[in-house]
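Here the structure comes first, spelled out in structure tokens, and everything after it is commentary.
All residue numbers refer to positions in the sequence shown, counting from 1. Note: hydrogens, waters and symmetry copies are ignored here, and every other heavy atom, side chains too, is used. Each ligand, and each atom within it, is numbered from 1 in the order the structure gives.
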Amino acid sequence: MQTVAPSKPATGRAVPPTVKLLINGEFVDSRSTQWRDVVNPATQQVLARVPFATPQELNAAVASAKDAFRTWRKTPIGTRARIFLKYQQLIREHMKELAAILTAEQGKTLPDAEGDIFRGLEVVEHAANIGTLQMGELATNVAGGVDTYTLLQPLGVCAGITPFNFPAMIPLWMFPMAIATGNTFVLKPSEQDPMVTMRLVELALEAGIPRGVLNVVHGGEEVVNGLCDHQDIKAISFVGSTRVGTHVYQRATLAGKRAQCMMGAKNHAVVLPDANKDQTLNNLAGAAFGAAGQRCMAASTAVFVGEAQRWIPELVEKARGLRINAGAEAGTDVGPVVSCAALQRISGLIEKGVAEGAKLELDGRNPKVAGYEKGNFVGPTIFSGVKPGMAIYEQEIFGPVLVILSAATLDEAIDLVNANPNGNGTALFTQSGAAARRFQEDIDVGQVGINVPIPVPVPLFSFTGSRASKLGDLGPYGKQVILFYTQTKTVTQRWFDDAAVSGVNTTISLR
Ligand code: NAD
């Protein structure tokens, strides 16, 4: 792995390796004076140091992408597609290695890390089909001897900014589709866990992505603002919190760019009393506590309707039985949260929930994890009796904490979900087709699951979102992203037949 090369030992002490930038096809050391540690959340071991790129490095990355665009935009579509065919094969071959890097820096379990990579791999497979996706439309004889057709042309340099919680899937949502459609790209991975992203970038170059077509800069607020403001960047794709995404959207669109921002969530799972109880409770426990609740599509909020509230004690027992351990240990259900700061924030919100009068059914704070005493662990935690207005309902906790509300009817539950500012994902558990149809029709949320707790769409469709969970019209993969990464041009053409010369036409109509 050349992107995380060991640093030169200065004093004999082991020095963590540095994460490289990728500029114009070369993995290079940053000249930045600002760095942060990449830390294993189960052990606090410093795995590497990541730079906050300087303005000069950001400009060099964009310049390299701009230069590469001149030839890449005209590279045959089959050549582009074959790179992604090769890339998907390389990702499959390196699955275990990638998952181990991901688990070490992010904390999720090894099987879930493979899931993270696999959901990104599906987008790479889709990018390999670009030949049939980036096709225009044609209508012949729109007027006498006149045909009209559309071209879907790449925009130029595009940029992507990614969050810590899916360091494989979300970068793979972005650069493969942008590059397959003929754009060049500057990626800014999460500074908390950039190492698996860099390994994926190395494999992308090995698959044949040419020099300058893909570039990587690391950093935080300043680098992100630099990308939003840069005049040579045409489009920005962002995934992360609502606070940062709203800022990125406003700043990027003010600078004249296309932008799409997939943001925060408070996903409600609505449980009707006619649901299959065991399936529902198993699904709910997996979706609330898997990945330690750090999924944008985690079922972090449950609404038990009517008699279904009687099932809460059984749910608590299932949650109590989940195994808390380092993600690298076999059989782990719930790994650590990403950082000490995240652990503090989650613990603070649990305290607030108690203070505000919610009933703490299961308290996951301070679990004992043998061999990993320094890890950022918090076990499954469940509150019932939660009401709108409480901090644990209003804020995205982003940890293994499930808050339970109650509703008398399905209508009341739908009103509750629609009154929440977020609209990322939701699920209904029922055996009634009529209730399911009503729910899908009336709920104002982007991803809807019917007896499916985490309804992340496969790349034949597009990820979406409503209200505070998304800004921008088009999604980050699927058919919509082809439109996001291209400019539609219409061509209206006529070839004169010398035999029939027409007179001067001063009207707008085509004849
Ligand atoms: P975050 O918003 O803190 O960070 C996201 C990116 O923004 C990172 O690359 C970070 O470096 C950058 N950033 C952070 N602060 C910034 C600032 N002040 N100005 C400019 N850039 C800044 O998000 P996170 O904690 O890494 O990820 C978790 C969040 O992402 C949760 O809210 C989760 O719901 C959301 N998320 C949403 C989706 C979705 O598809 N809707 C998917 C995954 C995660």
request  = Classify the angle between the aromatic ring planes of Phe398 and Phe164 as parallel (below 30°), tilted (30 to 60°) or perpendicular (above 60°).
outcome  = perpendicular
key: Residue part near ligand 1, for Glu396, under 4.0 Å between non-hydrogen atoms   = side chain
inquiry  = Does Lys318, at its NZ atom, have more than 12 non-hydrogen atoms belonging to other residues, nucleotides or ligands within less than 6.0 Å?
reply    = yes
request  = Hey, can you tell me if Phe377 and Tyr372 have their rings parallel, tilted or perpendicular (30° and 60° cut-offs)?
outcome  = perpendicular
request  = Assert yes or no for the condition that the ring centre distance of Trp35 to Phe52 is strictly below 6.0 Å.
outcome  = no
message = Please work out, at 4.0 Å between heavy atoms, whether the side chain, the backbone, both, or neither of Thr242 comes within that distance of ligand 1.
response = neither
note = Atoms of ligand 1 under 4.0 Å from any heavy atom of Ile170, numbered from 1 in the order shown, are 42 (C), 43 (C)
key: Asn424 neighbourhood, listing ligand 1 atoms whose heavy-atom distance to it stays under 4.0 Å   = 41 (N)
inquiry  = Starting from atom 19 (N) of ligand 1, what is the nearest protein heavy atom, named by residue and atom, and what distance separates them?
reply    = Glu221 CG, 3.4 Å
request  = Please check if atom CZ in Arg31 has more than 12 non-hydrogen atoms from other residues, nucleotides or ligands closer than 6.0 Å.
outcome  = no
ask   = Quick one: nearest non-hydrogen protein atom to atom 40 (O) of ligand 1, plus distance?
value = Phe463 CE2, 3.2 Å
Val248, portion touching ligand 1 at heavy-atom distance under 4.0 Å = neither
inquiry  = For the 3.5 Å polar cut-off, considering only N or O atoms, please tell me whether His247 and ligand 1 meet it.
reply    = no
ask   = Are Lys108 and Phe166 in a cation-pi contact, defined as NZ or CZ under 6.0 Å from the six-membered ring centre and within 45° of the axis?
value = yes
ask   = What protein heavy atom is closest to atom 41 (N) of ligand 1, reported as residue, atom name and distance in Å?
value = Met263 O, 2.8 Å
request  = Answer with side chain, backbone, both or neither: which part of Lys470 has a heavy atom less than 4.0 angstrom from an atom of ligand 1?
outcome  = neither
request  = Can you pull out the closest protein heavy atom to atom 14 (C) of ligand 1? Residue, atom name and distance to 0.1 Å, please.
outcome  = Val244 CG2, 4.0 Å
task = Report the member of Cys296, Ala298, Ala265 with the shortest heavy-atom distance to atom 42 (C) of ligand 1.
result = Cys296
message = Is there a polar contact between ligand 1 and Asn165, counting only N or O atoms under 3.5 Å apart?
response = no
ask   = Which of the atoms of ligand 1 are close to Ile161, meaning less than 4.0 Å from one of its heavy atoms?
value = 6 (C), 7 (O), 9 (O)
Sidechain N-carboxylate O distance under 4.0 Å for Glu26, Arg211 = yes
inquiry  = Do the side chains of Glu329 and Arg323 get close enough for a salt bridge, i.e. N-O under 4.0 angstrom?
reply    = no
message = Is there a polar contact, in the sense of an N or O pair closer than 3.5 Å, between Asn225 and ligand 1?
response = no
query = Quick one: does Ser462's side chain have a donor or acceptor within less than 3.5 Å of a partner on Gln480's backbone?
reply = yes
note = Residue, atom and distance of the protein heavy atom nearest atom 10 (C) of ligand 1 read Glu191 OE1, 3.5 Å
task = Looking only at protein heavy atoms, identify the closest one to atom 27 (O) of ligand 1 and say how far it is in Å.
result = Pro163 CB, 3.3 Å
ask   = Just distances here: any N/O of Val224 and N/O of ligand 1 closer than 3.5 Å?
value = no
ask   = Is the shortest distance from a heavy atom of Gly245 to ligand 1 less than 4.0 Å?
value = no
task = Begin from the C-alpha positions of His247 and Phe238 and carry the test ring-ring contact (aromatic ring centres under 6.0 Å, His included) through to its verdict.
result = CA-CA 11 Å; His247 161 77; Phe238 169 91; 9.3 Å; no
ask   = Does the N or O separation between Ser190 and ligand 1 drop below 3.5 Å for any pair?
value = no
task = Find all atoms of ligand 1 within a distance of less than 4.0 Å from any non-hydrogen atom belonging to Gly219, and give their numbers and elements.
result = 11 (O)
ask   = Which option out of Phe164, Phe52, Phe398 puts a heavy atom nearest to atom 26 (O) of ligand 1?
value = Phe164
request  = Could you tell me the residue and atom name of the protein heavy atom closest to atom 3 (O) of ligand 1, and the distance to it rounded to 0.1 Å?
outcome  = Ser241 OG, 4.1 Å
note = Given the options His126, Lys479, Glu122, Leu460 meets side chain to side chain contact (heavy atoms under 4.5 Å, CB included) only with His126
Passing candidate, side chain to side chain contact (heavy atoms under 4.5 Å, CB included) with Ile233, options Arg258, Lys257, Lys66 = Lys257
Distance-only donor-acceptor check, side chains Gln447 and Asn267, under 3.5 Å = no
query = Starting from atom 35 (C) of ligand 1, which protein heavy atom do you reach first, and at what distance in Å?
reply = Gly240 O, 3.1 Å
ask   = Are more than 12 heavy atoms from other residues, nucleotides or ligands located less than 6.0 Å from atom CD of Glu222?
value = no
inquiry  = Show the atoms of ligand 1 that are less than 4.0 angstrom away from any heavy atom in Val239.
reply    = 5 (C), 37 (C), 38 (C), 39 (C), 40 (O), 42 (C), 43 (C), 44 (C)
note = Nearest heavy-atom approach of Ala413 to Val270 is CB-CG1, 3.8 Å
